[in-house]
Amino acid sequence: MRIVNQPVPKVDAKALVTGQGVYTDDLAPSDCLIVKVLRSPHAHALIKDINLTRALAVPGIECILTYEDCPDKRFTMAGQSYPEPSPYDRLILDQRVRFVGDAVAVIAGNSKEAVNKAMKLIKVKYEVLEPLLDFRKAKDNPVLVHPEDNWQSLCPVGADNKRNLCAHEEDSAGDIDSVLDSCEYVVDRVYHTKANQQAMMETFRTYTYLDAYGRLNIVSSTQVPFHVRRILANALDIPKSKVRVIKPRIGGGFGAKQTVVTEVYPALVTWKTGKPAKIIYTREESFIASSPRHEMEVHVRVGADKDGIIKGIDVYTLSNTGAFGEHGPTTVGLSGHKSIPLYGKAEAFRFVYDVVYTNVMSAGAYRGYGATQGIFAVESAVNELAGKMGMDPVVLREKNIVREGQVMPAYYGETANSCALDRCLQRAKEMIDWDSKYPCRDMGNDKVRSVGVAMAMQGSGISALDTASVGIKVNDDGFYSLMIGATDMGTGCDTILAQIAAECLDCEMEDIIVHGVDTDSSPYDCGSYASSTTYVTGMAVVRTCEALREKICAKGAEYLNCPVGDIEFDGNQVVNLKTSESISRAEIGNRVMCSNEDALYASEAFSSPISPPPFMVGMAEVEIDKATGQLELIDYVAVVDCGTVVNPNLARVQTEGGIAQGIGMALYEDVVYSDKGKNYSNSFMQYKIPSRLDVGEIRVEFESSYEPTGPFGAKSIGEIVINTPPPAIANAVQNATGVMIRELPVTSEKIYWGMRGQNL
């Protein structure tokens, strides 16, 4: 291939390195209203009275809006396809506040100073209620987070607000209890992953205005423009035709911006006042009132026979969705469906989950989307099983991993049509020199080094749901416009899709102009999430290019006055194969601008009944000071099967970045609440993320399979790359010290006390 599978520079590389990128705040006019949110100091309370008199008297204040100014119509902020599985449990502003940081009032004024002053002068009387802060006690608790009668669940996900249940489901194959009873070795453990913040560079932000036709225009840093349109129309109770969403450059999302965190507040102000407005979340607001990863407790039972064949896996996941149900019913499913299928010889499995409401900040989507939590638990349990058997954990995996052609009952019955997991495991083992480093080496001076291993799988879009469409047109001089609805949030999808189009159309990358998302003019796309863009939108590009080539051939045949069957298009010109007469693409592009009735434009859509999983193996080498428990990550190797690698440079950067985030989850990141529900992790001073100095050496290679349903054999890569560091690092600690840490993050204190027989 000329362009696909080549390290093509990003189409926006020059703009980025020269500081020319234009973001949401760059587009907002200097005189637009500044919007801020007054937040609740209580985890659970009813607003009895709001006195705005003194606040409204502040010069420069345009309006202060409360729950009395908002539609009494519940909606979800989850950016998902309709009907959303997440419950309709929100109002823009509600009389009941459900976590410390929940929205109480929206203030809009001409300056930050005026808004901040007015905020301090608002007097709110609360009836403080008992909060529900322990998610282990939430199900069927007498304290209800959502007692309201107009709460709605549009999909049958097992939700019941009167039981604090956001979702419940059970799935199984075979008699798991009987199979585990027959196993020679069984591990029965509980693992706990805390909430994690996406910590993207650009915080949440939105700018809104009314156009000349009275339509509400939303300029927002979002991953889901088309979903934002629907969500805001629902929230404001206005027709969807009245809403237009424009996505400028995004300064990172990682799933956070798949939730409509900020858009409703300036939209409400603009709709009420007719004036442009913007909201820019501070870093503190992004920490205390956003959409972090779901906290989960995962109970795993895994059993093997005397030969090390894993016969059964039983997983129960309890997920904490917080005050609202955004992504609650959907993230939890991946904790089992993306972990259990890694082991292809299991005779039985069971996967049960509950998702519960509590009075803490609402959780949401984060790279890995529930698979990260489940893979930490299941891979850790398998590593504990290997320890119990006295078997090398790599050998145990070699005996059991899913292989190409196998049916995966726990992955919705899909077949692994493309799977290089066995080759990934072997290559990672060679890269880190596993055989000479396992289980551990005494380095002297009370320091020991060891290695750990983990595997992962993810998906490529949401099967039988995600839909993407693109449009491509031929312009004068023959250059192409590629119009997409997918959202580039720094991942390079504009480049990937242009590569696929250039390969299909036999042209150069410079011949294709990529147009970003405007819901008025872009073809529909679900958005950038669920690792869908390369696979789902990429296939839409392939189909559209095929349709456009046919139109170019037909138009060329018309101009050459010959049957279309005699025509061939080589990307630059249409040639009559019988006479060798030709017409260039540029000339065709110019001629169709006059006296033409057939537009050289094509648009096709794609949706897949399956979601081919990418696979990955990660191995970590750590050094631990046995006197203090201090851990240093020395080396991390990763081998990824993402099908055909469309752009090796971008794939490598995605993998390295995802591994760094996974290392942060494994070693540093922790959302901590007080006993009254206040979030203490409200800045980078308290919420630690790793710097480049903290992640050691990261080495990445690819073992590509060929996915027959993907564009040029490609699968996804965006999410899988975050999933292996937590279990691999925990396994390295286990092999070095004998201490098994089952609650993230892995800290020096936990290692120290674990070596002394005490578990924190």
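- Looking at residues two or more places apart in sequence or on another chain, you find a side chain to side chain contact (heavy atoms under 4.5 Å, CB included) between Arg215 and Asp211, Tyr213, Asn217, Arg244, Asp520.
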Show me the side-chain donor-acceptor pairs of residues 24-36 shorter than 3.5 Å, one per line, residues at least two apart or across chains.
{"unit_1": "Thr24", "atom_1": "OG1", "unit_2": "Ser221", "atom_2": "N", "d": "3.3"}
{"unit_1": "Asp25", "atom_1": "OD1", "unit_2": "Lys278", "atom_2": "NZ", "d": "2.7"}
{"unit_1": "Asp26", "atom_1": "OD2", "unit_2": "Tyr23", "atom_2": "N", "d": "2.9"}

Going through the distances and angles, do Tyr687 and Phe287 end up as a ring pair (Phe, Tyr, Trp, His ring centres under 6.0 Å)?
CA-CA 9 Å; Tyr687 187 83; Phe287 274 126; 5.4 Å; yes
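- Residues satisfying the side-chain hydrogen bond (donor to acceptor under 3.5 Å, both in side chains) test with Tyr529, not counting sequence neighbours, are His227.
- A search for side chain to side chain contact (heavy atoms under 4.5 Å, CB included) contacts involving Leu46 returns Lys48, Arg96, Glu127, Leu129, not counting sequence neighbours.
- In terms of the ring pair (Phe, Tyr, Trp, His ring centres under 6.0 Å) criterion, residue partners of Tyr207 (sequence neighbours excluded) are, by chain and number, Tyr209.
- Listed by chain and residue number, Ile92, Leu93, Leu268 satisfy the side chain to side chain contact (heavy atoms under 4.5 Å, CB included) test with Cys70 (two or more places apart in sequence, or in another chain).
- Below 30°, between 30° and 60°, or above 60°: for Tyr524 and Phe226 the angle between ring planes is above 60°, a perpendicular geometry.
- Listed by chain and residue number, nothing satisfies the ring pair (Phe, Tyr, Trp, His ring centres under 6.0 Å) test with Tyr480 (two or more places apart in sequence, or in another chain).
- Residues satisfying the side-chain hydrogen bond (donor to acceptor under 3.5 Å, both in side chains) criterion with Asn475, sequence neighbours excluded, are Ser481.
- Closest approach of Gln198 and Gly255 over heavy atoms only: NE2-C, 4.2 Å.
- Listed by chain and number, the residues in a side chain to side chain contact (heavy atoms under 4.5 Å, CB included) with Arg74 are Tyr88, Leu91, Asp94, Arg98, Glu148, Asn150 (sequence neighbours excluded).
- Checked by atom type, the side-chain pair Thr372/Arg293 shows a donor-acceptor distance below 3.5 Å.
- Sorted by first then second residue, the ring pair (Phe, Tyr, Trp, His ring centres under 6.0 Å) pairs that include residues 28-84, not counting sequence neighbours, are His42-Tyr126.
- A search for side-chain hydrogen bond (donor to acceptor under 3.5 Å, both in side chains) contacts involving Trp271 returns nothing, not counting sequence neighbours.
- Using cut-offs of 30° and 60° for the angle between ring planes, the Phe606 and Tyr535 rings count as perpendicular.
- For Glu62, the side-chain hydrogen bond (donor to acceptor under 3.5 Å, both in side chains) partners at least two apart in sequence or on another chain are Lys275.
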